[in-house]
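The structure appears right after this line, and notes come after that.
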Number of protein chains: 2
Amino acid sequence: MDKLFQDRMETLLGARDIESCPVRDVLSRVSGKWSTLLLLALSDGPRRFSELKRFAPDISQRMLTKSLTDLRRDGYITRTVYPTQPPQVEYALTEAGHSFLEAWHGVVVWARDNRHLVHEARQRFDSEEGQDR
Amino acid sequence: MDKLFQDRMETLLGARDIESCPVRDVLSRVSGKWSTLLLLALSDGPRRFSELKRFAPDISQRMLTKSLTDLRRDGYITRTVYPTQPPQVEYALTEAGHSFLEAWHGVVVWARDNRHLVHEARQRFDSEEGQDR
DNA sequence: CCGAATCCCCGCGGATACTG
DNA sequence: CAGTATCCGCGGGGATTCGG
């Protein structure tokens, strides 16, 4: 492992241990089961709590609340309460949220376009299981 | 939630439930704690098992083996055994692995460049804790 | 050197019931 | 409507030991 490569990695990642690596630090928060889906749901404009619940077909109320809180904590979305009766709460992407989604978009598209590739690889691997090692 | 938006989402994601959504399906496999780091380690060329272990400072042997197996199963990397004494095993990116890393690169750069933003947001949130809800 | 097997901890995430 | 609280199972992931 040559030093030049190590340097490039250092420049790209900042560090490699989980505590101090910015990339792993930031990404660990959006790797939840619902984060991407919720950010995408907000990409078109603000949504109410109940709208998001309808959008994510099988999320539990607990996880919806928790995911939204996490995203809010990291500054990807905002939360606005309208003191009506009954209460009304609106979530919206921040600047950071939009900019993150833009970067993320490439990965989303890749995943959609290469799904079959991954599936084929899995089947091939599973059928060869145990006879090459 | 207007129908036009729903349609765009359908086009982008294929589906929204976890079972049939290609994006979530594919991404769930690379969201592991070490996957990204290992793929990046291989981006420069093939590496031996022990090299990867040295590269990832705090991975356990168990998780190194497991992560590599998972990545291999999904077709991101290959594994070549040289029947020497002692044995020697080399891992390398496939075409799919390279192409995936390319898409992923945008996110890595975003995370590095916006780390401080996320950190500030977290601190702000934590210090306001409980007084706005 | 590379990996399989075993044991165990912990946090994500689901189900359900209760509040303002 | 928009949460909170509680209980609980499952699987990711670490430590350690054994094998080829």
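Lettering of chains follows the sequences in order, A, B, ..., and the numbering in each one begins at 1.
- In this structure, R54(B) fails the cation-pi test against F49(B), since its NZ or CZ atom is not both closer than 6.0 Å to the six-membered ring centre and inside 45 degrees of the ring normal.
- Residues Q85(A) and R54(B) both approach DNA chain C. Their nearest nucleotides, taken by heavy-atom distance, put R54(B) toward the 5′ side.
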Would you give a per-nucleotide map of nucleotides 11-20 of chain D, 5' to 3', where B means the base has a protein non-hydrogen atom under 4.0 Å away, S means only the sugar-phosphate does, and - means neither?
--BBB----B
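- Here D44(A) pairs with R8(B) in a salt bridge; the nearest charged N to carboxylate O distance falls below 4.0 Å.
- Within a heavy-atom distance below 4.0 Å of DNA chain C, no residue of residues 36-44 of chain B is found.
- The side-chain hydrogen bond (donor to acceptor under 3.5 Å, both in side chains) analysis of residues 92-112 of chain A, with sequence neighbours excluded, yields the pairs T36(A)-W104(A), S99(A)-W110(B), W110(A)-N114(A), W110(A)-S99(B).
- Atom OH of Y91(A) and atom C1' of dA2(D) are 8 Å apart (whole Å).
- Taking atom CG on L64(A) and atom P on dA15(C), their separation rounds to 14 Å, with Å as the unit.
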Run R73(A) and D126(B) through salt bridge (Lys or Arg N to Asp or Glu O under 4.0 Å) and show every step you take.
CA-CA 8 Å; R73(A) 177 168 186 263; D126(B) 290 345; 2.7 Å; yes
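- Taking the centre and axis of the six-membered ring of Y91(B), the NZ or CZ atom of R48(B) falls outside the cone set by 45° and 6.0 Å.
- Atom CG of L52(B) and atom C1' of dG3(C) are 14 Å apart (whole Å).
- The residues D25(B) and R122(A) are annotated as salt-bridged, a charged nitrogen and a carboxylate oxygen being separated by less than 4.0 angstrom.
- Taking a cutoff of 4.0 Å between a charged side-chain nitrogen and a carboxylate oxygen, R24(B) and D17(B) do not qualify as a salt bridge.
- Residues L101(B) and V107(A) share a hydrophobic cluster, clusters being chains of Ile/Leu/Val/Met/Phe/Trp/Tyr side chains in contact below 4.5 Å.
- For dA2(D), neither phosphate oxygen OP1 nor OP2 lies less than 4.0 angstrom from any side-chain nitrogen or oxygen of T65(A).
- With rounding to whole Å, R72(B) atom CZ is found 8 Å from dG3(C) atom P.
- Between R48(B) and dC2(C) there is a side-chain N or O to OP1 or OP2 distance below 4.0 Å.
- Separating the CG atom of L68(B) from the P atom of dG3(C) is a distance of 7 Å, rounded to the nearest angstrom.
- Between the R47(A) side chain and the A92(A) main chain, no donor and acceptor come within less than 3.5 Å of each other.
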